[in-house]
Amino acid sequence: MTVGSELRLNRDAEATGVTPMRHALSAFLDAIAVDQDTRDDILIAVGEAVANAVEHAYCGSSPGMVQLYARVDDARTLAVEVVDRGEYISRERRDGRGFGMRIVRSVARAVAIETDGGTRIHMLFDIASAADTP
Amino acid sequence: MTVGSELRLNRDAEATGVTPMRHALSAFLDAIAVDQDTRDDILIAVGEAVANAVEHAYCGSSPGMVQLYARVDDARTLAVEVVDRGEYISRERRDGRGFGMRIVRSVARAVAIETDGGTRIHMLFDIASAADTP
Amino acid sequence: MNDNSSITVLRLAGELDIGRREEIHGVFQLAPDARRVLVDLSEVTYADSTTLSELLRLRADAQAQDARIAIVIGSKRFARVIEYAGLGSAFAIFDDRGAALTYLAPGLQS
Amino acid sequence: MNDNSSITVLRLAGELDIGRREEIHGVFQLAPDARRVLVDLSEVTYADSTTLSELLRLRADAQAQDARIAIVIGSKRFARVIEYAGLGSAFAIFDDRGAALTYLAPGLQS
Ligand SMILES: Nc1ncnc2c1ncn2[C@@H]1O[C@H](COP(=O)(O)OP(=O)(O)O)[C@@H](O)[C@H]1O
Ligand SMILES: Nc1ncnc2c1ncn2[C@@H]1O[C@H](COP(=O)(O)OP(=O)(O)O)[C@@H](O)[C@H]1O
């Protein structure tokens, strides 16, 4: 029943936007009856991806946008994309950093990154939406 | 910057779904930085339309779905559609009832209703998204 | 039960929508001898036409038994909804309990 | 300032993300004579890698001055984030303050 539900948020990539974007995703997941633990895991992974766009994408250039797109693909899959139009910074893991993408990979069922004209992180999450169980 | 942001929720039309759908719209409006009074007015109008789908659309038939679709059309306009696939009940205004659509018309800049194969209420709201003011 | 000076208090809080219709209906009931009714909605943060319809029904019940009703509303957004519905002058509305009590029982302390 | 038995308490609450990085950095600072540090995050309801990086930096600062750190974490979701980051054994983590205090100062009451 919740298949096709989606949330698309376009915002300036700024640190103050991370919390309200996460809250919007949280309320979206509640509205499609995703259970709390699953919701919280998705929030942290997507939060890391959005924080990366804010922190890294427009480093040195003028600040641009970040887009969050979440979609219920089928009754058991939430697809999320976090997109910016900045520049991907490829680098060795720094000491005491680099946990963001590690968290994303721990939580998501699948992760793909495109770094062409910005960074686009695709994530798939398992959801067992309570609203879809008979 | 927030133009193109959208929220689409598909759910069973049931009374317990009205609150979480409204909360999702509320957090969506916060994430695109709509001011609080405007947000609260939109929530009440859309809430009435969703409540009508829950209360009236599937009266006598087996319960179906309700869809809420909200989209930032331009920096000053939020377009919202509330859709069900039930049956529109055309009737005279009942005593002590009939405030829902009156509230919708008070708040929205424009309202259109299609009643073909269900009820589809289109609403346009003025928003002055704080995120879009320079 | 209610002597002449007693006040019946009906109270709801939080977000009131169609999902709480039965609860709202259950709370908005009058004992046959109620004459002064304080509807305390000061902690209501959201209310839609479900509540307005129930308030109108309560008002009719009250009129039938010659009872007086005062409604306390705390949130601006709820107050606006009453205006949007065109019911701005249908009820005696107060934004604090003290004023509502004075309206219900002038000269009495509660 | 700190005698041998005193405990420094660093406390944050609410949702910790990149929007609060400077605040987190400012709170996670040690006086040069601090030897026992209680990081009280019991009221933190959300924390991401911003907090993890700052905790690792605080841990390094503490090691440099031979201070012991105990972290109190209240929310399950935050505890899971530490696991996901592979930092499950990097910190001394407790789910209540009493156990953390015992770890910091066995035999002392606080
Ligand atoms: N949206 C992005 N734009 C540019 N670079 C990015 C982006 N996301 C990740 N990166 C690069 O990947 C690195 C690793 O990211 P992450 O694992 O989140 O750790 P951290 O942010 O702590 O460095 C970043 O330091 C950065 O170089
Ligand atoms: N989604 C819907 N499906 C069927 N009928 C509807 C729908 N929305 C509105 N209506 C009809 O319009 C009438 C007026 O609606 P409204 O103004 O909200 O007042 P109320 O719900 O109190 O009757 C309803 O009683 C119903 O007959």
Side-chain angles (χ1 to χ4, degrees), chain A residues 11-27 29 34-59 63 66 68 82 84 93-109 111 121 123 125, chain D residues 10 12-30 39 41-65 67 69 71 73-91 93 95:
Chain A
R11 263 195 81 123
D12 290 322
E14 52 194 9
T16 51
V18 176
T19 310
M21 288 178 86
R22 184 174 69 248
H23 289 177
L25 180 60
S26 181
L29 295 173
V34 170
D35 74 88
Q36 283 190 23
D37 282 352
T38 305
R39 177 199 68 194
D40 290 346
D41 282 355
I42 294 171
L43 293 180
I44 176 79
V46 176
E48 293 290 348
V50 173
N52 276 346
V54 167
E55 187 177 1
H56 304 299
Y58 302 101
C59 212
V66 56
L68 164 60
V82 175
D84 64 63
R93 193 161 167 283
R94 293 173 293 171
D95 216 41
R97 296 294 307 258
F99 298 109
M101 288 311 300
R102 184 158 179 177
I103 291 169
V104 170
R105 285 181 213 282
S106 301
V107 175
R109 184 215 300 164
V111 181
I121 305 198
M123 296 162 272
F125 299 98
Chain D
L10 310 179
L12 284 163
E15 298 184 62
L16 304 180
D17 64 29
I18 192 175
R20 290 175 69 187
R21 165 167 289 168
E22 280 169 39
E23 179 192 354
I24 300 166
H25 186 79
V27 168
F28 287 178
Q29 297 298 332
L30 294 182
V39 182
L41 306 179
S42 54
E43 307 279 297
V44 168
T45 53
Y46 177 90
D48 66 12
S49 63
T50 305
T51 298
L52 300 185
S53 295
E54 288 294 332
L55 280 174
L56 283 172
R57 200 255 317 135
L58 179 67
R59 187 183 72 158
D61 291 355
Q63 274 161 354
Q65 66 188 56
I69 299 189
I71 306 176
I73 288 187
S75 99
K76 258 198 336 183
R77 67 201 285 202
F78 183 12
R80 283 206 306 275
V81 170
I82 296 174
E83 296 296 327
Y84 295 151
L87 293 172
S89 51
F91 304 107
I93 293 175
D95 53 16

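Below, chains carry the letters A, B, ... as their sequence lines are ordered, and counting in each starts from 1.
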Most contact-rich option vs chain A, by heavy-atom pairs under 4.5 angstrom, among D:Gly19, D:Ala47, D:Ser53, is D:Ser53

Whatever's closer than 4.5 Å to a heavy atom in chain A on D:Arg59 counts as neither

Determine whether A:Arg22 and D:Asp17 satisfy the following criterion, side-chain contact (heavy atoms from CB on, under 4.5 Å), listing intermediate values before the conclusion.
CA-CA 10 Å; A:Arg22 184 174 69 248; D:Asp17 64 29; 2.7 Å; yes

Is a side-chain N or O of D:Ser49 found less than 3.5 angstrom from the main chain of A:Phe99, in a donor-acceptor match?
no

Applying a strict 4.5 Å limit to non-hydrogen atoms, the region of D:Arg57 in contact with chain A is neither

Honestly, the part of D:Asp48 sitting under 4.5 Å from a heavy atom of chain A is both

Those residues at least two apart in sequence (or on a different chain) that pass side-chain hydrogen bond (donor to acceptor under 3.5 Å, both in side chains) with D:Asp95 are none

Distance col, row A:Glu55:CD vs D:Thr50:OG1, nearest 0.5 angstrom, shows 7.0 Å

Assert top hit (heavy-atom pairs under 4.5 Å, partner chain D, pool A:Leu43, A:Asp37, A:Val54, A:Val107) equals A:Asp37

Ranking A:Thr19, A:Val18, A:Ile44 by heavy-atom pairs under 4.5 Å to chain D gives rank one to A:Ile44

Open item on the list: Is there a side-chain contact between A:Ile103 and D:Leu52 in this structure, where contact means two heavy atoms from C-beta onward sitting under 4.5 Å apart?
Closed with: yes

Is the shortest heavy-atom distance from the side chain of A:Gln36 to the side chain of D:Arg77 under 4.5 Å?
no

So, the part of D:Ala90 with a heavy atom under 4.5 Å from chain A: the answer is neither

Donor-acceptor list for residues 82-89 of chain D side chains, cut-off 3.5 Å, not counting sequence neighbours:
residue, atom, partner, partner atom, Å
D:Tyr84, OH, A:Asp41, OD1, 3.1
D:Tyr84, OH, A:Asp41, OD2, 2.6
D:Tyr84, OH, D:Arg80, NE, 3.4

